[in-house]
Amino acid sequence: MTTIGGLVFLLAMVFGGYVIAGGKFGIILKSLPYEMMMIGGAAIGALVMGNSMHGVKHTLGGFGKIIKGERFHKHEYVDLLSLLYWLVRLAQTKGAMALEAHIEKPSESPAFQKFPKIMADKVALAMICDYLRMVGMNADDPHQIEDIMSKELKKVREEELHVAHVFQNTADALPALGIVAAVLGVIKTMAAIDSPPAVLGGMIGGALVGTFLGILLAYGVMGPMATRLNGVIEEDCKYYEVIRAVLVAHLHGNAPQVAVEAGRKTAPTHSMPSFAELEEALQNLTIG
(Lines give C-alpha, C1' and ligand atoms only; values in the text may rest on other atoms or scores of the structure.)
Protein backbone atom coordinates (compact mmCIF):
# COMPACT_ATOMS: atom_id res chain seq x y z
CA MET A 1 0.00 0.00 0.00
CA THR A 2 2.93 2.35 0.57
CA THR A 3 3.75 2.06 -3.14
CA ILE A 4 0.26 3.17 -4.16
CA GLY A 5 0.29 5.95 -1.56
CA GLY A 6 3.65 7.17 -2.79
CA LEU A 7 2.48 7.18 -6.41
CA VAL A 8 -0.64 9.18 -5.56
CA PHE A 9 1.45 11.67 -3.58
CA LEU A 10 3.95 11.98 -6.46
CA LEU A 11 1.24 12.69 -9.04
CA ALA A 12 -0.51 15.14 -6.71
CA MET A 13 2.71 17.10 -6.15
CA VAL A 14 3.74 17.18 -9.81
CA PHE A 15 0.40 18.11 -11.33
CA GLY A 16 -0.71 20.13 -8.32
CA GLY A 17 2.40 22.28 -8.63
CA TYR A 18 1.76 22.64 -12.35
CA VAL A 19 -1.79 23.88 -11.75
CA ILE A 20 -0.77 26.22 -8.93
CA ALA A 21 1.88 27.72 -11.22
CA GLY A 22 -0.87 28.54 -13.71
CA GLY A 23 -0.50 25.60 -16.06
CA LYS A 24 -3.45 24.33 -18.04
CA PHE A 25 -4.33 20.68 -18.43
CA GLY A 26 -5.84 21.08 -21.88
CA ILE A 27 -2.68 20.49 -23.90
CA ILE A 28 -1.60 17.61 -21.65
CA LEU A 29 -4.95 15.84 -21.81
CA LYS A 30 -5.13 16.31 -25.57
CA SER A 31 -1.67 14.81 -26.16
CA LEU A 32 -1.67 12.21 -23.38
CA PRO A 33 -3.41 9.32 -25.23
CA TYR A 34 -1.14 9.56 -28.27
CA GLU A 35 2.06 10.07 -26.31
CA MET A 36 1.23 7.20 -23.96
CA MET A 37 0.49 4.98 -26.95
CA MET A 38 3.90 5.71 -28.46
CA ILE A 39 5.95 5.60 -25.25
CA GLY A 40 4.08 2.81 -23.48
CA GLY A 41 3.71 0.73 -26.63
CA ALA A 42 7.40 1.05 -27.47
CA ALA A 43 8.37 0.12 -23.89
CA ILE A 44 6.13 -2.96 -23.92
CA GLY A 45 7.41 -3.98 -27.35
CA ALA A 46 11.02 -3.66 -26.19
CA LEU A 47 10.23 -5.69 -23.07
CA VAL A 48 8.66 -8.49 -25.13
CA MET A 49 11.58 -8.51 -27.57
CA GLY A 50 14.13 -8.74 -24.78
CA ASN A 51 12.51 -11.57 -22.80
CA SER A 52 11.12 -15.05 -23.29
CA MET A 53 7.40 -15.64 -22.82
CA HIS A 54 8.16 -17.13 -19.41
CA GLY A 55 10.09 -13.97 -18.56
CA VAL A 56 7.20 -11.76 -19.69
CA LYS A 57 4.72 -13.69 -17.52
CA HIS A 58 7.15 -13.53 -14.60
CA THR A 59 7.46 -9.78 -15.10
CA LEU A 60 3.69 -9.31 -14.94
CA GLY A 61 3.72 -11.12 -11.59
CA GLY A 62 6.20 -8.53 -10.35
CA PHE A 63 3.45 -5.90 -10.16
CA GLY A 64 1.61 -8.02 -7.62
CA LYS A 65 4.76 -8.34 -5.50
CA ILE A 66 5.26 -4.58 -5.55
CA ILE A 67 1.73 -3.92 -4.30
CA LYS A 68 1.57 -6.76 -1.75
CA GLY A 69 5.10 -6.32 -0.44
CA GLU A 70 7.04 -8.92 1.53
CA ARG A 71 5.32 -12.28 1.90
CA PHE A 72 6.95 -13.31 5.15
CA HIS A 73 6.60 -11.64 8.52
CA LYS A 74 7.26 -12.63 12.10
CA HIS A 75 4.42 -15.16 12.23
CA GLU A 76 5.67 -16.93 9.10
CA TYR A 77 9.18 -17.13 10.52
CA VAL A 78 7.86 -18.60 13.78
CA ASP A 79 5.94 -21.23 11.79
CA LEU A 80 8.97 -22.10 9.67
CA LEU A 81 11.27 -22.41 12.68
CA SER A 82 8.67 -24.49 14.51
CA LEU A 83 8.38 -26.95 11.62
CA LEU A 84 12.14 -27.21 11.20
CA TYR A 85 12.57 -27.74 14.94
CA TRP A 86 10.09 -30.61 14.90
CA LEU A 87 11.75 -32.23 11.88
CA VAL A 88 15.35 -32.01 13.11
CA ARG A 89 14.32 -33.17 16.56
CA LEU A 90 12.61 -36.17 15.00
CA ALA A 91 15.71 -36.91 12.94
CA GLN A 92 17.95 -36.63 15.99
CA THR A 93 15.83 -38.78 18.29
CA LYS A 94 14.58 -41.45 15.87
CA GLY A 95 17.02 -41.23 12.98
CA ALA A 96 16.83 -39.74 9.50
CA MET A 97 14.66 -42.60 8.23
CA ALA A 98 11.87 -41.46 10.56
CA LEU A 99 11.48 -38.41 8.30
CA GLU A 100 10.73 -40.45 5.19
CA ALA A 101 6.95 -40.56 5.68
CA HIS A 102 6.87 -36.78 6.06
CA ILE A 103 9.21 -35.68 3.28
CA GLU A 104 8.07 -38.16 0.62
CA LYS A 105 4.41 -37.15 0.90
CA PRO A 106 4.31 -33.80 2.68
CA SER A 107 0.67 -33.27 1.73
CA GLU A 108 -0.21 -36.25 3.93
CA SER A 109 2.13 -35.32 6.77
CA PRO A 110 0.50 -33.88 9.90
CA ALA A 111 3.65 -31.81 10.42
CA PHE A 112 3.38 -30.03 7.08
CA GLN A 113 -0.43 -29.89 7.21
CA LYS A 114 -0.16 -27.78 10.34
CA PHE A 115 1.63 -25.08 8.33
CA PRO A 116 -0.34 -24.62 5.08
CA LYS A 117 1.58 -21.49 4.03
CA ILE A 118 4.83 -23.46 4.00
CA MET A 119 3.15 -26.18 1.94
CA ALA A 120 1.96 -23.55 -0.52
CA ASP A 121 5.50 -22.24 -1.01
CA LYS A 122 7.02 -24.59 -3.61
CA VAL A 123 10.58 -23.37 -3.06
CA ALA A 124 10.51 -23.74 0.72
CA LEU A 125 8.75 -27.11 0.57
CA ALA A 126 11.19 -28.47 -2.01
CA MET A 127 14.21 -27.26 -0.06
CA ILE A 128 13.10 -28.83 3.20
CA CYS A 129 12.12 -32.16 1.66
CA ASP A 130 14.98 -32.47 -0.81
CA TYR A 131 17.78 -31.76 1.63
CA LEU A 132 16.33 -33.87 4.41
CA ARG A 133 15.99 -36.66 1.82
CA MET A 134 19.66 -36.23 0.94
CA VAL A 135 20.52 -36.61 4.62
CA GLY A 136 18.57 -39.87 4.66
CA MET A 137 20.72 -41.00 1.71
CA ASN A 138 23.84 -40.54 3.90
CA ALA A 139 24.77 -37.25 2.23
CA ASP A 140 25.50 -35.84 5.66
CA ASP A 141 28.63 -33.78 5.01
CA PRO A 142 27.52 -30.36 6.32
CA HIS A 143 30.02 -28.47 4.16
CA GLN A 144 28.87 -30.22 0.99
CA ILE A 145 25.20 -29.69 1.80
CA GLU A 146 25.81 -26.05 2.68
CA ASP A 147 27.62 -25.49 -0.63
CA ILE A 148 24.78 -27.09 -2.63
CA MET A 149 22.13 -25.10 -0.75
CA SER A 150 24.04 -21.86 -1.24
CA LYS A 151 24.19 -22.47 -4.99
CA GLU A 152 20.48 -23.21 -5.14
CA LEU A 153 19.63 -20.10 -3.11
CA LYS A 154 21.80 -18.02 -5.42
CA LYS A 155 19.94 -19.46 -8.42
CA VAL A 156 16.53 -18.73 -6.87
CA ARG A 157 17.59 -15.19 -6.00
CA GLU A 158 18.95 -14.45 -9.48
CA GLU A 159 15.83 -15.83 -11.18
CA GLU A 160 13.57 -13.70 -9.00
CA LEU A 161 15.72 -10.58 -9.41
CA HIS A 162 15.46 -10.87 -13.19
CA VAL A 163 12.06 -9.18 -12.95
CA ALA A 164 13.51 -6.25 -11.03
CA HIS A 165 16.22 -5.92 -13.70
CA VAL A 166 13.53 -5.83 -16.40
CA PHE A 167 11.76 -3.03 -14.54
CA GLN A 168 15.01 -1.09 -14.20
CA ASN A 169 15.92 -1.59 -17.86
CA THR A 170 12.49 -0.28 -18.83
CA ALA A 171 12.97 2.73 -16.57
CA ASP A 172 16.33 3.42 -18.23
CA ALA A 173 14.74 3.29 -21.68
CA LEU A 174 11.71 5.48 -20.99
CA PRO A 175 13.44 8.91 -21.21
CA ALA A 176 14.81 8.02 -24.65
CA LEU A 177 11.41 6.75 -25.76
CA GLY A 178 9.93 10.03 -24.54
CA ILE A 179 12.39 11.87 -26.75
CA VAL A 180 11.34 9.69 -29.70
CA ALA A 181 7.71 10.74 -29.13
CA ALA A 182 8.79 14.39 -28.76
CA VAL A 183 10.79 14.28 -32.02
CA LEU A 184 7.79 12.89 -33.85
CA GLY A 185 5.77 15.77 -32.42
CA VAL A 186 8.35 18.26 -33.67
CA ILE A 187 8.24 16.65 -37.13
CA LYS A 188 4.48 17.04 -37.09
CA THR A 189 4.89 20.69 -36.07
CA MET A 190 7.42 21.40 -38.82
CA ALA A 191 4.98 20.02 -41.36
CA ALA A 192 2.55 22.74 -40.28
CA ILE A 193 5.11 25.55 -40.04
CA ASP A 194 2.81 27.94 -41.95
CA SER A 195 0.17 27.72 -39.19
CA PRO A 196 -0.53 30.68 -36.84
CA PRO A 197 1.80 31.05 -33.80
CA ALA A 198 -0.95 29.98 -31.37
CA VAL A 199 -1.43 26.73 -33.24
CA LEU A 200 2.32 26.09 -33.48
CA GLY A 201 2.69 26.78 -29.76
CA GLY A 202 0.07 24.17 -28.93
CA MET A 203 1.72 21.64 -31.23
CA ILE A 204 5.16 22.22 -29.70
CA GLY A 205 3.64 21.94 -26.22
CA GLY A 206 2.05 18.63 -27.21
CA ALA A 207 5.42 17.37 -28.45
CA LEU A 208 7.06 18.27 -25.15
CA VAL A 209 4.46 16.20 -23.31
CA GLY A 210 6.27 13.14 -24.69
CA THR A 211 9.56 14.17 -23.09
CA PHE A 212 7.76 14.98 -19.84
CA LEU A 213 5.99 11.62 -19.73
CA GLY A 214 9.14 9.66 -20.53
CA ILE A 215 11.06 11.27 -17.69
CA LEU A 216 8.17 11.08 -15.21
CA LEU A 217 7.47 7.43 -15.94
CA ALA A 218 11.17 6.56 -15.73
CA TYR A 219 12.21 8.33 -12.53
CA GLY A 220 8.85 8.71 -10.85
CA VAL A 221 7.22 5.34 -11.54
CA MET A 222 9.29 2.51 -13.04
CA GLY A 223 12.55 3.35 -11.29
CA PRO A 224 11.04 3.38 -7.78
CA MET A 225 9.00 0.27 -8.62
CA ALA A 226 12.19 -1.55 -9.66
CA THR A 227 13.85 -0.53 -6.38
CA ARG A 228 10.81 -1.65 -4.38
CA LEU A 229 10.62 -4.99 -6.18
CA ASN A 230 14.32 -5.58 -5.63
CA GLY A 231 13.84 -4.97 -1.90
CA VAL A 232 10.82 -7.30 -1.69
CA ILE A 233 12.69 -10.12 -3.45
CA GLU A 234 15.80 -9.71 -1.30
CA GLU A 235 13.62 -9.78 1.81
CA ASP A 236 11.69 -12.88 0.74
CA CYS A 237 14.89 -14.76 -0.11
CA LYS A 238 16.02 -14.44 3.51
CA TYR A 239 13.17 -16.82 4.39
CA TYR A 240 14.99 -19.57 2.50
CA GLU A 241 18.27 -18.64 4.16
CA VAL A 242 16.66 -19.62 7.46
CA ILE A 243 16.07 -23.13 6.11
CA ARG A 244 19.71 -23.39 5.08
CA ALA A 245 20.95 -22.15 8.44
CA VAL A 246 18.84 -24.62 10.47
CA LEU A 247 19.62 -27.68 8.36
CA VAL A 248 23.35 -26.95 8.19
CA ALA A 249 23.49 -26.38 11.95
CA HIS A 250 21.67 -29.69 12.42
CA LEU A 251 24.17 -31.51 10.19
CA HIS A 252 27.01 -30.08 12.27
CA GLY A 253 25.60 -32.07 15.17
CA ASN A 254 23.96 -29.24 17.09
CA ALA A 255 20.92 -29.83 19.27
CA PRO A 256 17.54 -28.91 17.68
CA GLN A 257 17.24 -25.84 19.94
CA VAL A 258 20.68 -24.60 18.82
CA ALA A 259 19.97 -25.32 15.13
CA VAL A 260 16.72 -23.35 15.29
CA GLU A 261 18.44 -20.49 17.09
CA ALA A 262 20.96 -20.33 14.24
CA GLY A 263 18.03 -20.00 11.85
CA ARG A 264 16.30 -17.37 13.97
CA LYS A 265 19.38 -15.18 13.84
CA THR A 266 19.27 -15.33 10.03
CA ALA A 267 15.77 -13.82 9.83
CA PRO A 268 15.45 -10.09 9.00
CA THR A 269 15.67 -7.96 12.14
CA HIS A 270 12.17 -6.51 11.90
CA SER A 271 10.64 -9.95 11.31
CA MET A 272 12.82 -11.95 13.67
CA PRO A 273 10.91 -13.41 16.62
CA SER A 274 12.51 -12.91 20.00
CA PHE A 275 14.07 -15.84 21.81
CA ALA A 276 11.14 -15.88 24.26
CA GLU A 277 8.53 -15.75 21.47
CA LEU A 278 10.10 -18.68 19.64
CA GLU A 279 10.58 -20.63 22.87
CA GLU A 280 6.91 -20.22 23.71
CA ALA A 281 5.88 -21.34 20.22
CA LEU A 282 8.07 -24.44 20.45
CA GLN A 283 6.72 -25.34 23.87
CA ASN A 284 3.14 -25.08 22.58
CA LEU A 285 3.90 -27.00 19.39
CA THR A 286 1.70 -30.08 19.01
CA ILE A 287 1.70 -32.21 15.88
CA GLY A 288 -0.21 -35.38 15.20
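Computed over heavy atoms, backbone and side chain alike; hydrogens, waters and symmetry mates excluded.
By the 4.5 Å heavy-atom criterion applied to side chains, L90 and W86 are counted as neighbours. The side-chain heavy atoms of V232 and I66, taken from C-beta on, include no pair separated by under 4.5 Å.
In this view, H252 and H143 satisfy the ring-ring contact (aromatic ring centres under 6.0 Å, His included) rule, not counting sequence neighbours.
Residues E234 and R157 are paired through a salt bridge, judged by an N-O separation under 4.0 Å between the basic side chain and the carboxylate. With respect to K117 and D121, no salt bridge is recorded, no charged nitrogen being found less than 4.0 Å from a carboxylate O. A salt bridge is absent between E241 and K238; no separation between the charged side-chain nitrogens and carboxylate oxygens falls under 4.0 Å. Ion pairing between K65 and D236 fails under the 4.0 Å rule for side-chain N and carboxylate O.
Other residues, nucleotides and ligands place more than 12 heavy atoms under 6.0 Å from the NE2 atom of H73.
In the hydrophobic clustering of ILVMFWY residues, with side-chain heavy atoms under 4.5 Å counting as a link, V78 and L83 come out apart.
Ring-plane geometry between F72 and Y240 is classed as perpendicular, the angle between the planes exceeding 60 degrees on a 0 to 90 degree scale with a lower cut at 30.
A side chain to side chain donor-acceptor pair (under 3.5 Å) with N51 holds for exactly one of H58, K57, H162; it is H162.
Looking at N254, its side chain does come within 3.5 Å of a backbone N or O of A249 through a donor-acceptor pair.
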Apply the test side chain to side chain contact (heavy atoms under 4.5 Å, CB included) to residues F112 and L87: give CA-CA distance (whole Å), side-chain angles for both, the deciding distance (0.1 Å), then the verdict.
-> CA-CA 10 Å; F112 284 97; L87 292 171; 4.1 Å; yes

